[in-house]
Amino acid sequence: MPELPDVEIFKQYLSSTALHKKIRSVDIHSAEMLKGVTAQKLKKTLKGERFISTRRHGKHLFVEMAESKKWLVLHFGMTGFLKYFKNTAREPAHERLLIHFSNGYRLAYDCQRKLGEIALTDAPEVFIQEKELGPDALEPDFNVDRFKETLKKTRAMIKSALMNQKFIAGIGNVYSDEILFQAGIHPETRSSELDEDALTTLYSQTKRVLRTAIDARADPDHLPSTFIIPHRHGHGTCPKCKNNIEKIKVGGRTAYYCPQCQKG
DNA sequence: TTCCATGTTCCGCA
DNA sequence: TTGCGGAACATGGA
């Protein structure tokens with residue numbers, strides 16, 4: 001489930017495995033996932049390089065190269081993840097990009113449904129601007145005033161507004177449900193109708209939920225029992241009031257919420 | 001077999 | 001004109 005917390009974990013994973021190692025060769029299995037760069041150009045750019053640093057903005061991961069100073073950009077769609085391995089037995093099933101290092105290890109970008117994206121950019125800032133991405137949900141500069149300002153100016157349903165990457169980068173379907181549950185706000189509430197108190201609560205819960213998820217390594221099994229995410233499938237019950245969780249469509253996406261605890 | 005899924009983008013309508 | 005909301009996209013599992 002690659003939303004902000006998941007991508008943060010991918011960033012930590014890549015940083016602790018694949019940095020500073022020489023890239024011997026690159027295999028591109030699904031060239032249609034490359035955006036704005038040809039397979040030939042990407043291979044040529046990566047070959048002989050070393051990754052030296054990583055950054056994350058919302059759901060995008062940026063990996064800097066030592067020589068060219070360019071950045072590899074990875075977006076994970078609904079099903080993407082990374083795997084660093086040596087044994088072919090550990091090779092994932094839907095590799096779209098495979099980077100071979102001179103130490104014999106490989107870094108696979110696996111994306112079963114191919115809704116992710118592989119790109120190259122001169123700088124993360126340039127990419128973020130071109131994509132018109134909003135501020136990262138966890139960046140310190142994104143304070144309560146900017147959060148309120150952003151959400152007051154749209155009449156979209158609050159769940160849709162939280163998921164709009166041009167407003168705030170990093171929140172997807174699953175964590176928007178969690179944030180709204182923790183804040184006690186109904187997902188279909190019009191964003192512009194939220195009062196100051198509701199917005200203040202929503203802001204602090206946005207930060208808290210995302211940080212808590214990162215601390216849990218974005219693993220649903222490690223999330224607090226007070227979270228709704230573990231009860232998000234099947235016929236779950238609310239961890240606060242024990243009533244049944246409702247499943248509805250909001251802006252075309254599946255939303256789970258507690259009708260008792262989340263009022264419009 | 002049909003439906004549904006955590007992602008973004010595109011198009012029609014208000 | 002702008003922005004919202006549903007459909008489409010690619011693929012596979014229930």
*Secondary structure of DNA chain B in dot-bracket form (Watson-Crick or G-U wobble, distances below 3.5 Å, | marking inter-strand pairs)*: .||||.||||||||
*Calculate the interatomic distance between A:E132 atom CD and B:dT8 atom C1'; express it in whole Å.*
14 Å
_A:H60 or A:K247, whichever maps to the more 5' nucleotide of DNA chain B_ = A:K247
_Over all strands shown, is A:K35 touching base, sugar-phosphate only, or nothing at heavy-atom distances under 4.0 angstrom?_
nothing
*Euclidean distance, atom NE2 of residue A:H29 to atom P of C:dA10 [Å, nearest integer]*: 20 Å
*Ring centres of A:F51 and A:H20 under 6.0 Å apart?*
no
*Take atom CD1 of A:I229 and atom P of B:dA5, then tell me their distance rounded to the nearest Å.*
16 Å
_Heavy atoms only, 4.0 Å cut-off, all strands: where does A:E117 land among base, sugar-phosphate and nothing?_
nothing
_Sidechain N-carboxylate O distance under 4.0 Å for A:E132, A:K166_ = yes
*Establish, with yes or no, whether the OP1 or OP2 oxygen of B:dT9 is under 4.0 angstrom from a side-chain nitrogen or oxygen of A:K166.*
no
*Among B:dG7, C:dC4, C:dA10, find the nucleotide with the atom closest to the side chain of A:M163.*
B:dG7
*A:H57 and A:F62: aromatic ring centres closer than 6.0 Å?*
no
*What is the distance from NZ of A:K249 to C1' of C:dC4, rounded to the nearest Å?*
17 Å
*Look at the side chain of A:E32 and decide which nucleotide, out of B:dG7, C:dG5, C:dT11, has an atom nearest to it.*
C:dT11
*A:R55 versus A:W71: any side-chain heavy-atom pair under 4.5 Å?*
yes
_Options C:dC4, B:dG7, C:dA10, nucleotide nearest the side-chain atoms of A:H75_ = B:dG7
*Take the protein atom CG of A:D110 and the nucleotide atom P of B:dG7, then report the distance between them rounded to whole Å.*
17 Å
*Using a cut-off of less than 4.0 Å, is there contact between a side-chain N or O of A:K131 and OP1 or OP2 of B:dT9?*
yes
*Write down the distance between CZ (A:R155) and C1' (C:dC4), rounded to a whole number of angstrom.*
10 Å
_Between C:dT1 and B:dT9 - P atom distance, rounded Å_ = 23 Å
_A:T154 side-chain N/O to C:dG3 phosphate OP1/OP2 under 4.0 Å_ = no
*Measure the distance from CG on A:L115 to C1' on C:dA7 and round it to the nearest whole Å.*
14 Å
*asked:* Could you go through A:F81 and A:F10, starting from their C-alpha distance and side-chain angles, then the distance that decides it, and tell me whether this counts as ring-ring contact (aromatic ring centres under 6.0 Å, His included)?
replied: CA-CA 7 Å; A:F81 65 92; A:F10 296 158; 7.4 Å; no
*Centre of A:F181's six-membered ring, under 6.0 Å away, within 45 degrees of the axis: is that where NZ or CZ of A:K240 sits?*
yes
*Could you tell me the separation between the CZ atom of A:R96 and the P atom of C:dA10, rounded to a whole number of Å?*
12 Å
*Relative to each other, are the rings of A:Y105 and A:Y84 parallel, tilted or perpendicular (30° and 60° limits)?*
parallel
*Looking only at atom P, what distance separates C:dA10 and B:dC11, rounded to whole Å?*
15 Å
*asked:* Pick the closest DNA chain C nucleotide for A:A156 and for A:R113 by heavy atoms, then say which residue is nearer the 5' end.
replied: A:A156
*Report yes if at least one side-chain N or O of A:S160 is closer than 4.0 Å to OP1 or OP2 of C:dC4; otherwise report no.*
no
*At under 4.0 Å between heavy atoms, what does A:R253 touch on the DNA or RNA strands: base, sugar-phosphate, or nothing?*
base
*Are A:V63 and A:I52 co-members of a hydrophobic cluster defined by side-chain heavy atoms under 4.5 Å apart?*
no
_When you measure from the side-chain N and O atoms of A:K59 to the phosphate of B:dG7, is any distance below 4.0 Å, counting only OP1 and OP2?_
yes
